[in-house]
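Labels below follow one simple rule: chain letters A, B, ... track the order of the sequence lines, proteins then strands, and each chain is numbered from 1. Computed from a predicted model, the values in this text were never measured in an experiment.
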Amino acid sequence: MEEIKKEEEKSLNFIEEIVEEDLRSGKNKNILTRFPPEPNGYLHIGHAKSICLNFGLAKKYGGKTNLRFDDTNPVTEETEYVDSIKEDVRWLGFEWANEFYASDYFDQLYEFAVTLMKKNLAYVDDSKSEEIAAQKGTPTEPGKRNKYAERSIEENLQLFTDMRAGKYADGEKVLRAKVDMTAANMQLRDPIIYRIKHAHHHRTGDKWCIYPMYDFAHGQSDSIENITHSICTLEFVTHRPLYDWFIEHLEIFPSKQYEFARLNMTFTVMSKRKLLQLVNEKFVSSWDDPRMPTISAYRRRGYTPESIRKFADKIGVQKRENLIDLSLLEFCIREHLNKIAHRKMVVFDPLKVVITNYTDENEIVVSENNPEDEEKTTREIPFSRELYIEKEDFMENPAKKFFRLAPGQKVRLKSAYIIQCEEVIKNADGSIAEVRCIYLPESKSGADTSGLKVQGTLHWVSVKHAITAELRLYDRLFKVQDPSNEEGDFKEYINPDSLQIISTVYAEPSLKNAKFDERYQFLRKGYFCLDKDSSEEKMVFNRTVSLKDTWAKELKK
RNA sequence: UGCCUGAUAGUAUAAUGGUAGUACGACAGAUUUUGAUUCUGUUUGUCGAGGUUCGAAUCCUCGUCGGGCAACCA
C-alpha cells in the first residue's frame, strides 16, 4: 500500500504541471498533442523520448495524439521514411488518433499567406539569398528592411500568385513576414515564409512549386488540428514569439508551444545528419544496423518497447542540457530481459571435456527456462560423455579466486553433474586439446546426495548434439563519451571493434526452435535474439546486451 | 558581447520557504546450480558572493559557467 502510494505521488515534470494547471483552470477541457517528425530519416532514441512524452501525456490525461509528418521540404523527404516512422511509433506501443501531413494543409497555408499580405504583414522579396542574410544584421546589430518591403498589397498578391503559377525560378523570389527587422530575436527579422522549389513532393506531386517554411507550417498545422500543447525541443525557444505572432495575426486557434531538452547519450551521436553520414559512408550497414541508436536498430538488436519506454520514463523531462549514461539504457533492457528471456546454453569458444567414467548413451537433463518466471517451465537437454565448455572456463594454472575448472578442481555443470578435472591433454604445439574429467554420479542436479559444495557452475553443450549458429556481438559505436563535442570530425572517434562476429558457436539443440519475437539469455553470456539475416542453413543471433560480468572486472584489476 | 535559456553527487532526476531524497554507476559484503538475478551497506551534491527570513536548493541582487539564435533546413 505504502509502495503504491509512493508510485502515485511520483512528482510531475514541468510539462505535466502545465497540463494539470490548464485542465484545472479550464483553459483546456481535453488535451491534444502531436508527434511531428520530418520524414527525412529514421527515428532515433531521442525521438523515442519525444514520442513517449507526447503520447504519454495524452494517455495520462485522457487526451489524444496526432501523428503529423512535417513534410514541407520536398527535396529531402521520402515515403520510405514515412513508413519506417509509422512502424517505429507503433512498435513503441502508441496509437495515433489521426495521421496527418503538413502537406495536407498546403491550400490552407496558402490562404493564410494571402491573409497576411492583405493585412500588409507579408511581402514578396526579390533579393538574393546572400542579400537577405546580409540585411538581417547580426545578433548585436539590427537588420535593415529593403525596398521590397514597400510593395503594395496588390503587387504582393499578384507576385505571390505568379510565384505559385511557376513564373519564377527557384530562389528568384520569396515571401517574407513583415515583423520587425530590428528585433533582438533574430527569428523575428522578417522571416522567409514561402520559397520557390520546383521539386516533386512525395504526396502532393507536382501540384506546388512554392513550399512554406517550418515557421509558417508548424504552428499553423498545430492550430488547424486544435493541438493544445505543442511540445518541441529547446532549439525552438527563439521561434516561439514567431509561433505566437502568426497565430495572433491569423486569428486562429491558439496552440501553445513548450520546449524540453533533447536527449543526448554517451558514446552516441544523435543527429539525423550524422546518422545519415554513417549509413551513406558505410560505417554501418544500414539505418537498422544494430549499432545505430535508431529505434529500428534497437528493435533489430533485441531491445523491447517496454525497456525503451521505461528508459524514457527514468530520464525524465527537463530544460537543462543532459548527457545520459548509456548504462542506464542497458540497465533498462537487462531488467526487462531478465524477466522474459528463456535461458539457453551456448558455448562461444569450445574446449572439449571428456568424462572418462561416464557411459550412459542417452541421458537427458532438465533445466528451468527462466528462474525469474512464476511458471517454472523447463526444457530437456541431452548430456553425454563428450562436452564443450568455454575455453575461458578452464585454467591450467588457475588465478586467485578462479572458481572454474582447473586440474584437480571441481565445478558444477549447470543442471547436470559435478565434475573434477583429472588430466589435461595437449597438442604437439603445447596448446590444450582436451580436458579429461570424472563425474560424480550422486551429484546430479535436483538429486544431489554428494554433500559437496562447489563454487563454480559452467554452461556446456554435448558435442554430438550441439547445433551451430553465428553470433554478432556489438559494442558502443564510438570510443569517446561525447563524439560530437570532440575536436575534428566525429567519425574519427568510431570504435573499430564495435562489431565482433563469431561465425560458429555451439548451442544446445533446443535453440533450433528459436523464434524472431523471442528473447534468449545465453547463460553467463548475455541476451540474444534471432537476426533477420538468419536462413534455413544458418541461424544468426544478435547480442542485445551482455550480462554484467564482475569476474571480468576482477581480472582487469 | 545583443536576445533567449539553464545550473542539485560521476550521470540523470526529486524536494514548489521547513530533515537535500531516488535511480543508474562505482565500491564492499550476503545469498546463489548463471561470478547473472536478488538483498544489504558505503561513497560523492545544492555554481559563487552578498541579501531577505526564525529558517533558503527554493525568494532578491550581482557575478561565473553551459546551451541555443544570424539556412530559401526542420
Side-chain angles (χ1 to χ4, degrees), chain A residues 6 10-11 13 17 36-38 40 70-73 75-77 125 128-129 132-134 136-143 170-176 183-189 191-197 210-211 213-215 217-218 232-241 259 261 266 272-273 314-332 334-335 338-339 343 345 367-368 371-372 401-404 411-416 418 443 445-446 448 453-459 481 521-526 546-554:
Chain A
K6 257 183 192 167
K10 194 184 167 222
S11 55
N13 66 49
E17 281 180 2
E38 183 189 10
N40 67 345
D70 224 336
D71 56 351
T72 56
N73 185 359
V75 301
T76 56
E77 295 154 6
D125 192 330
K128 290 190 165 52
S129 175
I132 290 178
K136 256 197 179 158
T138 68
T140 51
E141 300 161 48
D170 288 9
E172 217 174 305
K173 286 183 166 45
V174 290
L175 184 69
R176 292 228 254 169
N185 179 349
M186 300 212 43
Q187 306 302 144
L188 297 176
R189 322 248 259 229
I192 293 168
I193 58 177
Y194 260 96
R195 77 286 216 192
I196 300 170
K197 272 183 196 281
I210 56 171
Y211 292 93
M213 298 286 289
Y214 167 85
D215 285 306
H218 198 98
C232 61
T233 44
L234 249 27
E235 66 268 30
F236 294 104
V237 169
T238 51
H239 294 243
R240 194 190 330 124
E259 312 87 9
T266 55
K272 274 198 260 186
R273 204 192 94 248
K314 287 180 97 76
I315 61 178
V317 179
Q318 257 306 337
K319 298 186 86 142
R320 46 185 109 100
E321 290 296 317
N322 57 77
L323 182 62
I324 308 278
D325 245 312
L326 183 60
S327 62
L328 183 61
L329 213 212
E330 293 183 339
F331 167 80
C332 292
R334 282 194 186 105
E335 186 185 43
N338 178 45
K339 291 200 184 81
R343 315 284 126 125
M345 293 203 284
S367 193
E368 76 277 3
E372 306 289 320
K401 292 201 266 185
F402 184 78
F403 302 152
R404 308 176 185 181
V411 292
R412 158 79 59 187
L413 293 176
K414 174 71 181 173
S415 298
I418 292 173
S443 68
S445 279
D448 188 348
K453 281 237 187 284
V454 292
Q455 291 209 83
T457 299
L458 308 185
H459 62 281
Q481 287 231 13
Q521 185 198 99
F522 292 176
L523 223 63
R524 305 206 299 139
K525 287 296 192 180
S546 66
L547 249 33
K548 277 211 217 163
D549 191 347
T550 50
W551 172 243
K553 253 186 211 171
E554 185 71 28

Derivation and outcome, side chain to side chain contact (heavy atoms under 4.5 Å, CB included), residues A:Glu368 and A:Arg343: CA-CA 8 Å; A:Glu368 76 277 3; A:Arg343 315 284 126 125; 5.7 Å; no
base_contact_polar (B:rU34 base, A:Arg524 side chain, donor-acceptor, <3.5 Å): no
Ring-base stacking, A:Trp551 with B:rG35 (5.5 Å, 30° cut-offs): yes
OP1 or OP2 of [N] sitting under 4.0 Å from any side-chain N/O of [X]?
X	N	answer
A:Lys553	B:rC27	yes
A:Gln318	B:rA14	yes
A:Lys314	B:rA12	no
A:Thr76	B:rA74	no

Would you compute the distance between atom [atom1] of [X] and atom [atom2] of [Y] and round it to the nearest 0.5 angstrom?
X	Y	atom1	atom2	value
A:Leu458	A:Arg524	CG	CZ	5.0 Å
A:Arg240	A:Asn185	CZ	CG	10.0 Å
A:Ile324	A:Leu329	CD1	CG	9.5 Å
A:Lys548	A:Ser327	NZ	OG	9.0 Å
A:Cys332	A:Lys314	SG	NZ	6.0 Å
A:Asp70	A:Asn40	CG	CG	10.0 Å

Determine the contact category for [X]: base if any of its heavy atoms lies under 4.0 Å from a base atom, sugar-phosphate if only primed atoms, P, OP1 or OP2 are that close, otherwise nothing.
X	answer
A:Tyr211	nothing
A:Val237	sugar-phosphate
A:Gly456	nothing
A:Pro371	base
A:Thr266	nothing
A:Arg334	nothing
A:Thr457	sugar-phosphate
A:Leu328	sugar-phosphate
A:Lys401	base
A:Phe522	nothing
A:Ser415	base
A:Phe403	base
A:Arg240	nothing
A:Gln521	base

Ring geometry between A:His239 and A:Phe236 (parallel below 30°, tilted from 30 to 60°, perpendicular above 60°): perpendicular
Nearest to the [X] side chain among [options], which nucleotide is it?
X	options	result
A:Lys136	B:rA23, B:rA70, B:rU37	B:rA70
A:Glu372	B:rA14, B:rA74, B:rU37	B:rU37
A:Asn13	B:rA74, B:rA36, B:rA14	B:rA14
A:Val174	B:rA74, B:rA14, B:rC72	B:rC72
A:Ser327	B:rC72, B:rA15, B:rG25	B:rG25
A:Ile132	B:rG68, B:rU33, B:rC72	B:rC72
A:Glu77	B:rC72, B:rA74, B:rA36	B:rA74

Heavy-atom pair with the smallest gap, counting every atom of [X] and [Y]:
X	Y	value
A:Thr266	A:Leu326	OG1-N, 2.8 Å
A:Ala261	A:Asn322	CB-ND2, 3.8 Å
A:Arg412	A:Ala416	NH1-O, 2.7 Å

Could you state the [atom1]-[atom2] distance from [X] to [N], rounded to the nearest angstrom?
X	N	atom1	atom2	result
A:Glu321	B:rA12	CD	C1'	14 Å
A:Arg189	B:rG2	CZ	C1'	8 Å
A:Glu554	B:rA26	CD	C1'	14 Å
A:Lys414	B:rU33	NZ	P	9 Å
A:Leu458	B:rU32	CG	P	18 Å
A:Asn322	B:rU5	CG	P	19 Å
A:Asp325	B:rU44	CG	P	20 Å
A:Phe331	B:rC24	CZ	C1'	7 Å

Main-chain N/O of A:Ile418 paired to A:Ser443 side chain as donor or acceptor, under 3.5 Å: yes
When you compare [N] with [M], how far apart are their [atom1] atoms, in angstrom units rounded to a whole number?
N	M	atom1	answer
B:rU43	B:rU22	P	12 Å
B:rG2	B:rA14	C1'	35 Å
B:rU58	B:rU42	C1'	30 Å
B:rA30	B:rG35	C1'	14 Å
B:rU11	B:rG25	C1'	8 Å
B:rG48	B:rA7	P	14 Å
B:rU1	B:rA12	C1'	33 Å
B:rG50	B:rU13	P	29 Å

Dot-bracket notation for RNA chain B, counting Watson-Crick and G-U pairs under 3.5 Å, with | for partners on another strand: .((((((..((((....[..)))).(((((.......)))))....(((((..]....))))))))))).....
Which residue lies more 5' along RNA chain B, comparing A:Lys525 with A:Leu323 via nearest heavy atoms: A:Leu323
Whichever of A:Thr138 and A:Leu413 has its nearest RNA chain B nucleotide further upstream toward 5': A:Leu413
